[in-house]
Amino acid sequence: MAAPRLAVMFATVLKLGVKSVESRHSRFACARRKELIPAMSDSLSPSSVVPPAPAVPDIGAAIYDSSPDCVKVLDVDGRMLAMNRNGQCAMEIDDFAPLVGLAWASWWPPETAATVLTALDAARSGGTGRFGAFCQTAKGTPKWWEVIVAPILGADGQPERILVMSRDVTGARQADEELRQSVERLQLATDAAELGLWTWDPVSDKVTWDNEHTYDILGVAHGEQPVNAARFASDFLHPDDMARFAQAVAASVAGDLRFQFQGRVLHKDGSVRWVELHGRPHDCAGQPRTQLVGTIADITARKLAEDKLRDADRRKDEFLAMLAHELRNPLAPIGAAAELLKLGKFDEARVRRTSEIISRQVSHMTHLVNDLLDVSRVTGGVVKLDTAPLDLRDIVADAVEQSGPLIRGRGHKLCIHVPPEASTVLGDAKRLVQIVGNLLNNAAKYTPDGGKIDLLIAMDDERVTLSVADNGIGMEHQLACRVFDLFSQAEHTSDRTAGGLGLGLALVKSLVEMHGGTVSCVSGGTGAGSTFSVSLPRLCDGREALVAAHAPGRVAGQARTLDILVVDDNVDAAAMLAMLLDASGHRMTVEHSARDALARIETARFDVCLLDIGLPEMDGNALAARLRGHPHTRGALLVAITGYGQESDRQRSQAAGFDQHMVKPVDTGRLMDVLAEVA
């Protein structure tokens with residue numbers, strides 16, 4: 001029974017009087033009234049004292065007592081007269097007698113008092129007051145109440161008592177609050193994930209779009225009428241995905257109504273986007289049909305990232321295959337030369353040719369390994385630039401000198417166009433030469449023999465631009481857009497005639513960006529040549545800052561024979577290095593462990609010590625520290641000969657006392673120069 005109707009029924013039943021109800025409390029109420037009358041005499045007139053009342057029929061008392069709500073009877077001034085047993089339990093009142101005669105409004109929090117008084121005024125006027133509010137029980141338990149206040153009319157039709165029915169709605173209120181918070185959390189989650197929500201009834205094929213993200217993902221105006229499943233496919237889906245969508249819908253209807261689909265939609269802005277839909281069955285209360293509720297998400301960025309990762313993984317695999325190929329190529333002639341030398345009895349010319357082959361192939365392998373390490377160091381941010389004001393024309397001259405043999409060997413015509421004034425930039429000379437050299441080498445490799453290469457320097461007030469253009473094989477637009485990415489050229493290596501791993505352009509991009517510049521590539525397509533451009537910040541006042549640094553020439557003198565100690569646990573490597581230096585006229589001593597080397601210096605002095613870092617028992621850095629403390633080697637030149645070439649390795653060897661750090665395979669020309677300085 002609805003609460004207002006119940007209140008009216010109570011009021012009708014109690015219209016005969018409330019005396020029998022009050023009689024249940026008469027023993028307490030009379031005593032309480034005797035105590036309260038003197039105390040309230042200042043504020044109440046004698047007529048306000050409750051007079052005796054006739055008995056209520058048993059039916060009224062039964063309803064009054066059995067009501068699950070808190071039922072109270074007040075006098076017309078709003079003071080408590082009676083409360084049913086269930087009400088006392090709900091309010092956690094152990095003894096109602098002390099409460100008789102108290103103003104009902106005083107039970108409520110101060111912020112609710114005005115609402116209570118308004119409801120009482122409505123009842124006194126013959127109407128009904130209703131409100132919902134918070135009020136603690138007698139023992140402090142927090143509760144929410146829905147309250148109806150109605151008049152009990154006397155014989156003259158005027159209110160003579162007031163009936164109050166209070167229903168405990170704390171549980172419902174908490175459930176509503178939990179539901180509100182759940183809806184709020186769902187809203188926050190869908191907003192954060194930018195998820196659209198939808199509902200679909202498979203029987204009626206009715207679809208609703210339940211939040212604004214659904215409209216945004218599909219690119220339609222908010223509030224536009226949703227379409228059914230059939231029209232969704234025709235209006236939004238990419239034609240190539242319609243059949244899969246129809247299969248997903250059919251499988252959902254035929255199975256447990258779970259729905260999942262990934263496909264492309266044609267957005268209203270003309271773009272193609274990937275979406276993912278998930279749906280789960282949901283039974284509607286009071287309806288026999290089952291609905292699907294679900295989400296729609298724009299996964300375009302994820303799909304693009306997945307495609308990019310797959311492409312990068314494919315190019316990495318192709319690069320590794322090419323790396324294996326490039327490393328095997330020089331190993332074949334080196335191995336053949338080694339087998340040939342085993343046969344012996346060769347004339348000097350044949351030995352020279354064999355050694356030249358080995359030298360060239362080792363140089364090629366060293367170049368490949370250096371490229372790999374260089375890319376790793378530069379892209380990893382390990383390399384630090386040694387910057388100074390530089391004229392880009394000087395950089396071009398050095399780069400052309402390095403690339404000249406390849407360009408001339410292919411029969412290319414190189415045309416250089418530079419301005420008459422200095423084109424000054426702030427940069428690292430070695431790295432800038434590497435940039436220009438790589439661009440020239442790239443042009444020479446991918447231009448058929450007898451081609452043309454143009455190198456141009458142009459300037460404006462803020463930038464210096466260097467361009468290298470060729471009339472070579474060119475490239476498609478897609479490759480031109482990613483030609484600077486690592487491994488991007490690996491798929492084209494089968495056409496190369498000059499070898500290489502395709503790392504040069506990735507290195508160029510990283511080095512240019514380290515200089516604060518940009519690099520780009522333009523090609524008219526296959527066979528139309530390519531143009532690579534590097535743009536660097538111009539140092540406008542750099543011309544005056546340029547300093548011609550010339551290394552002082554060494555004083556010529558008679559070279560002397562050096563006593564050299566070689567320590568390497570690789571017997572073959574130590575023997576070959578010793579043979580090379582012995583042929584140069586130096587006295588050589590070879591040891592294969594740090595322990596033997598320390599024993600040797602007790603009886604011999606050395607001018608130079610060539611130490612491997614990766615020695616057993618005691619590594620080369622620890623051995624160098626010991627040699628620096630020994631009187632026979634305190635002033636010797638210590639050179640690290642190692643396979644470790646990272647910047648951190650160089651720092652550790654320097655801290656250990658080494659003068660030089662050379663990476664295997666050793667550049668013999670550089671080693672000879674170092675020894676010549678000592679000699």
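Start at 1 with the first residue, then count along the sequence.
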For [X], enumerate each residue passing the salt bridge (Lys or Arg N to Asp or Glu O under 4.0 Å) test, keeping only those at least two apart in sequence or located in another chain.
X: Asp205; answer: none
X: Asp386; answer: none
X: Arg280; answer: none
X: Arg173; answer: none

Reference residue Trp209; test ring pair (Phe, Tyr, Trp, His ring centres under 6.0 Å); the match among Trp198, Trp200, Tyr215: Tyr215
Does [X] have any side-chain contact (heavy atoms from CB on, under 4.5 Å) partners at least two apart in sequence or in another chain, and if so, which?
X: Arg273; result: Val265, His267, Asp269, Ser271, Asp298, Thr300
X: Thr199; result: Thr208, Asp210, Gln291, Val293
X: Glu306; result: Arg302, Lys303, Arg310
X: Thr465; result: Ser467, Ser533, Ser535

Which pairs would a plain distance check flag for residues 105-122, meaning a side-chain donor or acceptor within less than 3.5 Å of a matching protein atom at least two apart in sequence or in another chain?
{"from": "Ser106", "atom 1": "OG", "to": "Ala103", "atom 2": "O", "distance (Å)": "2.5"}
{"from": "Thr118", "atom 1": "OG1", "to": "Ala114", "atom 2": "O", "distance (Å)": "2.9"}
{"from": "Asp121", "atom 1": "OD1", "to": "Arg124", "atom 2": "NH1", "distance (Å)": "2.7"}

Set of ring pair (Phe, Tyr, Trp, His ring centres under 6.0 Å) partners for Trp144, sequence neighbours left out: Phe134
Show me the pairs that pass salt bridge (Lys or Arg N to Asp or Glu O under 4.0 Å) and involve residues 143-157, at least two apart or across chains.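 Qualifying pairs: Lys143-Asp168.
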Indicate every side-chain donor-acceptor pair of residues 237-246 with a distance under 3.5 Å to a residue at least two apart or in another chain.
{"from": "His238", "atom 1": "ND1", "to": "Asp240", "atom 2": "N", "distance (Å)": "3.1"}
{"from": "Asp241", "atom 1": "OD1", "to": "Arg244", "atom 2": "NH2", "distance (Å)": "3.2"}
{"from": "Asp241", "atom 1": "OD1", "to": "Arg264", "atom 2": "NH2", "distance (Å)": "3.1"}
{"from": "Asp241", "atom 1": "OD2", "to": "Arg264", "atom 2": "N", "distance (Å)": "2.8"}
{"from": "Asp241", "atom 1": "OD2", "to": "Arg264", "atom 2": "NE", "distance (Å)": "3.0"}
{"from": "Arg244", "atom 1": "NH1", "to": "Gln262", "atom 2": "O", "distance (Å)": "3.0"}
{"from": "Arg244", "atom 1": "NH2", "to": "Gln262", "atom 2": "O", "distance (Å)": "2.9"}

To the nearest 0.5 angstrom, please state how far the OG atom of Ser125 sits from the CD atom of Gln158. 10.0 Å
One should read off an interatomic distance between His278 NE2 and Gln260 CD, to the nearest 0.5 angstrom, of 4.5 Å
Indicate yes or no: at least one non-hydrogen side-chain atom of Lys509 is less than 4.5 angstrom from one of Val519. yes
If we ignore angles and hydrogens, is there a donor and acceptor under 3.5 Å between the side chains of Glu177 and Gln181?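 Per modelled atom types, Glu177 and Gln181 side chains form a pair under 3.5 Å.
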Heavy-atom pair of closest approach, residues Asp460 and Arg538: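 Closest pair (atom of Asp460, atom of Arg538, distance): O-NH1, 3.0 Å.
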